[in-house]
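Residue numbers begin at 1 in each chain, while the letters A, B, ... track the order of the sequences.
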2 protein chains.
Amino acid sequence: MSATARKRLDAMAAKVKASGLKLTPQRLAIMRLLAESEDHPGADGIWRRLKRRFPGISQATVYRTVQLVKSLGEACEIAFADGGSRYDGRKPYPHPHIVCLACGRIIDPELRSLGDMTREAATASGFEIKTFRLDFFGTCPECSKNKTKTMPTRRIK
Amino acid sequence: MSATARKRLDAMAAKVKASGLKLTPQRLAIMRLLAESEDHPGADGIWRRLKRRFPGISQATVYRTVQLVKSLGEACEIAFADGGSRYDGRKPYPHPHIVCLACGRIIDPELRSLGDMTREAATASGFEIKTFRLDFFGTCPECSKNKTKTMPTRRIK
DNA sequence: CTAAGTGCAAATGATTTGCAGGTAT
DNA sequence: ATACCTGCAAATCATTTGCACTTAG
């Protein structure tokens, strides 16, 4: 487990304890997966990976824990149009994504111009901007090469 | 009915006929609502407005038609984290939104910097960007004045 | 005519919840 | 001890689909 992942896991565990909640083995395992996964796993994926080590773990527990960690501000949810959500416990704050429509990969780009655009949105509208959601969809370099056919386009909610 | 709305409705009707599909009264009514609504209505809202004039209209027909118009490229869907989708038949192409968390209002800002940011995302990632989804969430000027308490935060999928 | 469309109700599918029995602290 | 948790299964909820009956062209 990397140092950054360890830090993230510790932050999650600390918030849980600070809220007077319990650190069960299931929660630890789910939080650990959230803290170290770089592939933005979905609830179902987390559940499938976990039941190797916790044969009896229920999806309900995964959903409950993921929601808990999110509500504590220690993970963020990326919900897609097709109803599925994916989670990121490494960067628990809102950030942009680029999704490959062919292979489903999601990367986190650094966008220098994002701050300016947020300011432009606030100025243009008079809104007090609290948060945002930004996703780009396209084809990653690998899939572009392979000329793989595009996945059945998701319903972008 | 405004000139722009008329144009949008005509475009939708043309695509439907060009696809060898039928222009039923229900479809016309739904498309008309899509073409002239500036408030990004949801499927349920469309259905409720329509059953005044079409007492027997079913939600299934609304969903089917809205999907049809979207698949013809004549409306776009804005799907939110809480599972609900809203539609825009006035601008059938992807565009940014600003959502008021207090009253639910959605506006379409003009963002000059959007093109630059898309280019930055493409360059930084090597992806071929096909489309995007950009929403800002905050409080509109009216709700800021009224100091209305924020709506129970939607799950931002 | 007849392929398409409609209303209705049942089916989906991801997520949530009620409950009865466990378990961290 | 005793809140808090977990697994299980039933319940949600927006949306989709199967079917028998209409209807636009």
**Prompt:** Could you give the distance from CZ (F136(A)) to CZ (F127(B)), rounded to the nearest 0.5 Å?
**Reply:** 12.0 Å

**Request:** Give the rounded distance in Å between these two atoms: CD of Q67(A) and C1' of dA14(C).
**Result:** 12 Å

**Request:** Whole angstrom is fine here: how far is it from NZ in K70(B) over to C1' in dT15(D)?
**Result:** 12 Å

**Prompt:** So, T61(B) and Q26(B): side-chain donor and acceptor under 3.5 Å apart, yes or no?
**Reply:** no

**Residue of the set K15(B), K7(B), R27(B) for which salt bridge (charged side-chain N to carboxylate O under 4.0 Å, His left out) holds with E74(B)** = K15(B)

**Request:** Could you check how far CZ of R27(A) sits from C1' of dT23(C), rounded to whole Å?
**Result:** 12 Å

**Prompt:** If every non-hydrogen atom of H97(B) is compared with every non-hydrogen atom of H95(B), which pair is closest and at what distance?
**Reply:** NE2-NE2, 3.0 Å

**Request:** Could you check how far CG of L68(B) sits from P of dT15(D), rounded to whole Å?
**Result:** 17 Å

**Message:** When you compare the side chains of E77(B) and S85(B), does any donor N or O come within less than 3.5 Å of an acceptor on the partner?
**Reply:** yes

**Complete:** When every non-hydrogen atom of P92(A) is compared with those of R8(A), the smallest separation belongs to CG-NH2, 3.3 Å

**Stretch residues 46-63 of chain A: residues that reach within less than 4.0 Å of DNA chain C through a heavy atom** = A60(A), Y63(A)

**Message:** For the residue pair T139(B) / E128(A), report whether a side-chain donor-acceptor contact shorter than 3.5 Å exists.
**Reply:** no

**Request:** Considering just the side-chain nitrogens and oxygens of S85(A), establish if one lies under 4.0 Å of OP1 or OP2 belonging to dA14(C).
**Result:** no

**Message:** Does the protein touch nucleotides 19-25 of chain D at the base, only the backbone, or not at all? Give it as B, S and - per nucleotide, heavy atoms under 4.0 Å.
**Reply:** ----BBS

**Fill in**
By side chain to side chain donor-acceptor pair (under 3.5 Å), T4(A) pairs with (sequence neighbours left out) S2(A)

**Request:** Measure from CD1 on I30(B) to P on dT6(C) and round the result to the nearest Å.
**Result:** 7 Å

